[in-house]
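Everything on this sheet refers to the single structure shown next.
Chain letters run A, B, ... following the sequence lines, proteins first and then strands; every chain starts at 1.
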There are 2 protein chains.
Amino acid sequence: MPDKLPRMAESAPSSELLTKKRRDILNFIDHTQRTRGYPPSVREIGEACQLASPASVQFHLKVLQQQGFLERDPSKPRALRVNLPRAQELGVGAAVMQVPMLGDVAAGLGTLAEQNFSGEMVAVPQHLGPVGTLFALRVKGDSMVGDGIFERDVVVARRQSTADVGEIVVAGIFDQQEATIKRIDFDRAHNRVTLKPSNPAYTPMNFAADEVQIYGKVVFLQREI
Amino acid sequence: MPDKLPRMAESAPSSELLTKKRRDILNFIDHTQRTRGYPPSVREIGEACQLASPASVQFHLKVLQQQGFLERDPSKPRALRVNLPRAQELGVGAAVMQVPMLGDVAAGLGTLAEQNFSGEMVAVPQHLGPVGTLFALRVKGDSMVGDGIFERDVVVARRQSTADVGEIVVAGIFDQQEATIKRIDFDRAHNRVTLKPSNPAYTPMNFAADEVQIYGKVVFLQREI
DNA sequence: TAATTCATCGTACATATGTTCGTTCGCTTT
DNA sequence: AAAGCGAACGAACATATGTACGATGAATTA
């Protein structure tokens, strides 16, 4: 004989759009979905939110659905989806791929080969190039602030060993154990290469062509603010 | 009489840990989970991955589970969870979520509400915040170059109506039909707000506090170069 | 006081779903 | 050729789940 608990119809009038109980339910669905990977069943919601009958949960779910907080497919169990936003249902767009984070640039990263791969991956739009030709680096220093490339930014480069004048490249300098990001300029007549910072506080560096190894061209940047 | 298709046991030996079929299944589960909000049923997997019998799917799920790519609760329908860390080692799945691109900032975007949603989505790291609280904007103008925010950059903001001094925010100005990205400063004594460009060519703008509406705080930026 | 609404209960029912079983068909190994 | 194995099939079954129905009590309104 299940003891009928008093209904305690929210002594706090809760004149809001969302009653406490319904807020609880929404939160529980969202939390479950997030932590466990799949949404709760009606009965699980009941248990978590102190509702002994599936019908009670059903009642609230229906309201939440009409209010647009929830979407569901009646024919499928656990087919719940919280609609806190209202935008992202059309999961279309922006195909993404993962590129390896090879480490810091302008810190000793040797040959910039896969050896430096830490396991960290960075998600970037697929149209940047074929997977496998791209890699990510974390920026150290402020030599490129003029191009909006700041310390700690993540840049993504496409692997290539040549570049055009004026492009931003990841380059290694002969027998230095590090690579840098700079704008590149050529003096083909004299077979020399200039790597130009975009921060006026730094001076361009000039090298013999065979002293500079181009690793790739910077094609993408992202920053957490 | 259902035509038994030839089993075509992967003419490519697929000496890998993950056969093509099982990779498909993992990807489908992950994708469904991501776009639809809840995992597929065994039969839905079968339909999507060309397996006519639920038993066939069951067979693969069991293997995936033993390999550690998948976790499930046998007693519950749709209780599937992809083990992302494990799966991502093999390039399946992504720690990425999609946020809606609401349009240009510093071009007429009215209330910055979902009305402006074009359907375009931007992929960003999941740890930026709960899905639904984030939105993306494309930058117009050069008023924030000092902070490395350039024309055509995509910024991602977290929806919030308050901010701390010095933070970069998306703000709307009273009765102007547009929003801007600026650093914010308060003069609480006089109840005024200053929106500061980071380009020295522009001058800060000062408003009464109730003339400025904060839409969100900029938390992420990406740029194609 | 009567009527209405909100929130809850328990029960019953249809079904979507997961699982098990036995079988078959290629391929590889013995 | 026989045996073993991976991968698929269909059918049958147990049940977890969603839903509908009717009833009840508290609070609010008429």
Using a strict cut-off of less than 4.0 Å between a Lys/Arg side-chain nitrogen and an Asp/Glu carboxylate oxygen, indicate whether R36(B) and E44(B) qualify as a salt bridge.
yes
Do R138(B) and D153(B) meet the salt-bridge criterion of a basic N to acidic O distance under 4.0 Å?
no
Contact pattern, 5' to 3', of nucleotides 11-17 of chain D - B, S or - by protein heavy atom under 4.0 Å:
-----SB
Using nucleotides 4-6 of chain C, report all nitrogen or oxygen pairs with the protein that are shorter than 3.5 Å.
none

Give a yes/no on whether any side-chain N or O of [X] is located under 4.0 angstrom from OP1 or OP2 of [N].
| X | N | value |
| --- | --- | --- |
| R72(A) | dT19(D) | yes |
| H60(A) | dT8(C) | yes |
| K62(A) | dA20(D) | yes |
| Q58(A) | dG18(D) | no |
| S56(B) | dC9(D) | yes |

Taking the side chain as C-beta and beyond, is there a heavy-atom pair between V193(B) and N206(B) under 4.5 Å?
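With C-beta onward as the side chain, the pair stays apart.
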When you measure from the side chain of R158(A) to the backbone N and O of G216(A), does any donor-acceptor pair fall under 3.5 Å?
no
So, does K217(B) use its side chain to make a donor-acceptor pair with the main chain of D164(B) at under 3.5 Å?
no
What are the two closest heavy atoms between L80(B) and R72(B), and how far apart are they?
CD2-NE, 3.6 Å
Before you tell me yes or no, could you show the steps for K76(B) and D73(B) under salt bridge (charged side-chain N to carboxylate O under 4.0 Å, His left out), namely the whole-Å CA-CA distance, both residues' side-chain angles and the distance that decides it to 0.1 Å?
CA-CA 6 Å; K76(B) 297 169 190 156; D73(B) 184 328; 3.1 Å; yes
Without decimals, in angstroms, what is the distance between [X] [atom1] and [N] [atom2]?
| X | N | atom1 | atom2 | value |
| --- | --- | --- | --- | --- |
| L51(B) | dA7(D) | CG | C1' | 9 Å |
| I25(B) | dA7(D) | CD1 | P | 11 Å |
| I45(B) | dG18(C) | CD1 | C1' | 11 Å |
| E47(A) | dG10(C) | CD | P | 14 Å |

Qualifying residue, where the test is side-chain contact (heavy atoms from CB on, under 4.5 Å) with I225(B) and the options are V219(A), I168(A), V156(A)
I168(A)
Distance under 6.0 Å and angle within 45° of the ring axis: does R78(A) meet both against Y38(A)?
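R78(A) over Y38(A) ring: no.
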